[in-house]
**Student:** 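My questions all concern the structure below.
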Number of protein chains: 4
Amino acid sequence: MPLRIVVATGSSVPIYRQVVEQVRLAAATGRAKAGDALPSVRTLAEELVVNPNTIAKAYGELVREGIAEAQPGRGVFIAAKRSVYSRAERARRVEGALEEFIHEAVCLGMPEEEIRALFEKRLSRADFKQGEDKP
Amino acid sequence: MPLRIVVATGSSVPIYRQVVEQVRLAAATGRAKAGDALPSVRTLAEELVVNPNTIAKAYGELVREGIAEAQPGRGVFIAAKRSVYSRAERARRVEGALEEFIHEAVCLGMPEEEIRALFEKRLSRADFKQGEDKP
Amino acid sequence: MPLRIVVATGSSVPIYRQVVEQVRLAAATGRAKAGDALPSVRTLAEELVVNPNTIAKAYGELVREGIAEAQPGRGVFIAAKRSVYSRAERARRVEGALEEFIHEAVCLGMPEEEIRALFEKRLSRADFKQGEDKP
Amino acid sequence: MPLRIVVATGSSVPIYRQVVEQVRLAAATGRAKAGDALPSVRTLAEELVVNPNTIAKAYGELVREGIAEAQPGRGVFIAAKRSVYSRAERARRVEGALEEFIHEAVCLGMPEEEIRALFEKRLSRADFKQGEDKP
DNA sequence: GTGGTCTAGACCACG
DNA sequence: GTGGTCTAGACCACC
């Protein structure tokens, strides 16, 4: 089973980003293992009824990030785990989302304990091994 | 004093959103009270050296959110407090941002404790009384 | 002077890569400073007589790498230096080129001392502060 | 024994290039001598489980480089040693790869000593007698 | 005006 | 068949 990818075409988050994040997640949680093949650009494009370029853009990003490797003429594969990201690099990348969350909450007048409670509740639901797909 | 608004043109967050959030925050924290006047679109546009359309768009959003009320020919005013937000209403509104943050972090392979540390660090910097605007 | 970019359309290295590397280099050597504006996508596309998408692709990569920041409606700017890359990340990224060089040299029967001499000669010509453009 | 050739289908370097480089190396190091036969296109293709076109392309390149000679109807053979390469000729051939490596490193902000350390580490792993093929 | 996303379709290298 | 690059042109959000 070559990794199932689904997208919500109605969403405001770009299709190519949805693809990138699903693969990134699958690789991070171990659902996709090093060497696993991704669906071919054209195949996935047909399946999702989007333009092949959109998929190519997503795969290109995964390759540049080192999460996948492209073997021209053969396909795209999950790369050997390369110690993932450094702590600082990870922090930098989620910084924006954290900022947005705290800012929103404070703007709405949410008290500190309520923010923390919400955060802990969600964190406890997070799956660090297998899933994390929004149900 | 008709509510001081500042924007960072260097920031990557859209100017109109900066304006919206500052007013929203001021209303949420009590810095701006019901009935207080917002600066006129043209005045504020000149002061911030931005396009009047940008301010108009921000004010429009505030009106749609029920935070401000436009009184044609007179100006825009902070709306009567809609009983603030209920706990559930607040939770609903920040849910998306929380989701995004946790999702991003997990995708990048960040372990639970690291996510919590980042969150607490940022939370400790938050100002629950007066500011929260990115300096 | 908003950073001069030139490309060799005849080269086998993709145009968008040429653009990425020139900007990356300029940022690394200090020739382009944080906050400096890049030429607009459309402007540069006209100047280089290439499709705007090609430039957009290059800029997008720079943004994802954290070298530049896009401010929709305003333009693309060199980002504040974010501690650049970690040592390990840098090593990972040049690994391929190093491998290629050593492999080529060994294949051609070049003795160790000759490889080292060639390397040191080229390294001594490298400019770590201002230039590095292939003359 | 007609020269053993192995390829790593998992590698990101094209198969035909792996073949070219192995033969080139074998010729450079003396492992393959002038007049030695290369495996036939079809034999090798079957052995490596790759498309015959791929092997034909590799052999074609070797012939163009003067490393091998095709004798129609008989097969492909290692060419008479063209007095190996002169020092200058060797230098010219690896120049591009060296340039690429140094350029990349400098672009990424890698300091001189770090570049040298990386280079020396890799050089110490190089095998100047028999292998150099990526295992 | 700016950048961001997507579609459609082309050509090339690789297998 | 595979992915990689480029062109052309569209629509959107933002200023």
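Order of the sequence lines sets the chain letters (A, B, ...), proteins ahead of strands, with each chain counted from 1. It should be emphasised that the depicted structure is a prediction, and the values quoted were computed from it without experimental measurement.
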**Student:** Name the closest nucleotide to the A/A70 side chain, picking from F/dC14, E/dC6, F/dG3.
**Tutor:**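 Nucleotide nearest to A/A70's side chain: F/dG3.
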**Student:** So, under a plain 3.5 Å distance rule, would you say the side chain of C/R42 forms a donor-acceptor pair with the base of E/dG3?
**Tutor:**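 Answer is yes: a donor-acceptor pair is held.
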**Student:** Run the salt bridge (Lys or Arg N to Asp or Glu O under 4.0 Å) test on C/E89 and C/R92 for me, step by step, so that the C-alpha distance in whole Å, both residues' side-chain angles and the decisive distance to 0.1 Å come before the verdict.
**Tutor:** CA-CA 5 Å; C/E89 180 72 6; C/R92 187 183 76 84; 3.6 Å; yes
**Student:** Any side-chain N or O of C/T54 less than 4.0 Å from the OP1 or OP2 oxygen of F/dT5?
**Tutor:**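 Looking at the OP1 and OP2 atoms of F/dT5, neither is under 4.0 Å from any side-chain N or O of C/T54.
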**Student:** Given that A/A56 and B/P14 both sit by DNA chain F, which one's nearest nucleotide is further toward the 5' end?
**Tutor:**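 On the 5' side of the pair lies A/A56.
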**Student:** Please state whether the phosphate of F/dC15, meaning OP1 or OP2, lies under 4.0 angstrom from any side-chain nitrogen or oxygen of B/K57.
**Tutor:**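 It does not, given that no N or O in the side chain of B/K57 lies less than 4.0 Å from OP1 or OP2 of F/dC15.
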**Student:** To the nearest angstrom, how far is A/E61 atom CD from F/dG4 atom P?
**Tutor:**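 One finds 13 Å between P of F/dG4 and CD of A/E61, rounded.
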**Student:** For C/T43 and E/dT2, is the shortest distance between a side-chain N/O and OP1 or OP2 below 4.0 Å?
**Tutor:**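 Answer yes for this pair, as a side-chain N or O of C/T43 is under 4.0 Å from OP1 or OP2.
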**Student:** Strictly distance-based, threshold 3.5 Å: is any side-chain N or O of D/E61 a donor or acceptor partner for the main-chain N or O of D/V20?
**Tutor:**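 It does not hold such a pair.
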**Student:** Can you find a heavy atom in the side chain of C/R24 that is under 4.5 Å from one in the side chain of C/E65?
**Tutor:**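 A side-chain contact exists here, since the closest heavy-atom pair is under 4.5 Å.
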**Student:** In whole angstrom, give the distance that lies between atom CZ of A/R74 and atom C1' of F/dT2.
**Tutor:**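 It is 10 Å, rounded to the nearest whole Å.
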**Student:** Mapping A/R17 and A/P72 to their closest nucleotides on DNA chain E, which lands nearer the 5' end?
**Tutor:**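 Of the two residues, A/R17 wins.
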**Student:** What is the nucleic acid contact for A/V50, judged by heavy atoms within less than 4.0 Å: base, sugar-phosphate only, or nothing?
**Tutor:**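 Sugar-phosphate contact only.
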**Student:** Looking at side-chain heavy atoms only, is the closest gap between C/R90 and C/R93 below 4.5 Å?
**Tutor:**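 Side-chain contact under 4.5 Å: no.
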**Student:** Tell me which nucleotide, if any, is Watson-Crick or G-U wobble paired with F/dT5 when both distances must be under 3.5 Å.
**Tutor:**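 Check on F/dT5: paired to E/dA10, both distances under 3.5 Å.
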**Student:** Map A/V49 and C/G75 onto DNA chain E by nearest heavy atom, then report which one ends up closer to the 5' terminus.
**Tutor:**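 Nearer the 5' end of the strand: C/G75.
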**Student:** In whole angstrom, give the distance that lies between atom CD1 of D/I55 and atom P of E/dG15.
**Tutor:**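 Computing the D/I55:CD1 to E/dG15:P distance gives 10 Å.
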**Student:** Could you check how far CG of B/N51 sits from C1' of E/dT2, rounded to whole Å?
**Tutor:**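 Nearest whole value for this atom pair: 13 Å.
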**Student:** What is the separation between atom CG on A/L38 and atom P on F/dG1, rounded to the nearest whole Å?
**Tutor:**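 Atom CG in A/L38 sits about 19 Å away from atom P in F/dG1.
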**Student:** Less than 4.0 angstrom between a side-chain N/O of C/Y16 and OP1 or OP2 of F/dT5, yes or no?
**Tutor:**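 C/Y16 to F/dT5 OP1/OP2: side-chain N or O found under 4.0 Å.
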**Student:** Using OP1 and OP2 only, check whether a side-chain N or O of C/S12 sits under 4.0 Å from F/dT5.
**Tutor:**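 Checking C/S12 against F/dT5: no side-chain N or O falls below 4.0 Å of OP1 or OP2.
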**Student:** Rounded to whole angstroms, how far apart are CD1 on C/I15 and P on F/dA8?
**Tutor:**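 After rounding, the gap between these two atoms is 11 Å.
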**Student:** Measure the shortest side-chain to side-chain distance between B/V49 and B/T9 over non-hydrogen atoms and say whether it is less than 4.5 angstrom.
**Tutor:**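 No, side chains not in contact.
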**Student:** In whole Å, what is the span from the CG atom of C/N53 to the C1' atom of E/dC6?
**Tutor:**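 Atom-to-atom, C/N53 to E/dC6, this comes out as 10 Å.
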**Student:** Nearest whole angstrom, please: distance from the C1' of F/dG3 to the CD of A/E46.
**Tutor:**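 Spelled out: CD on A/E46 to C1' on F/dG3 is 16 Å.
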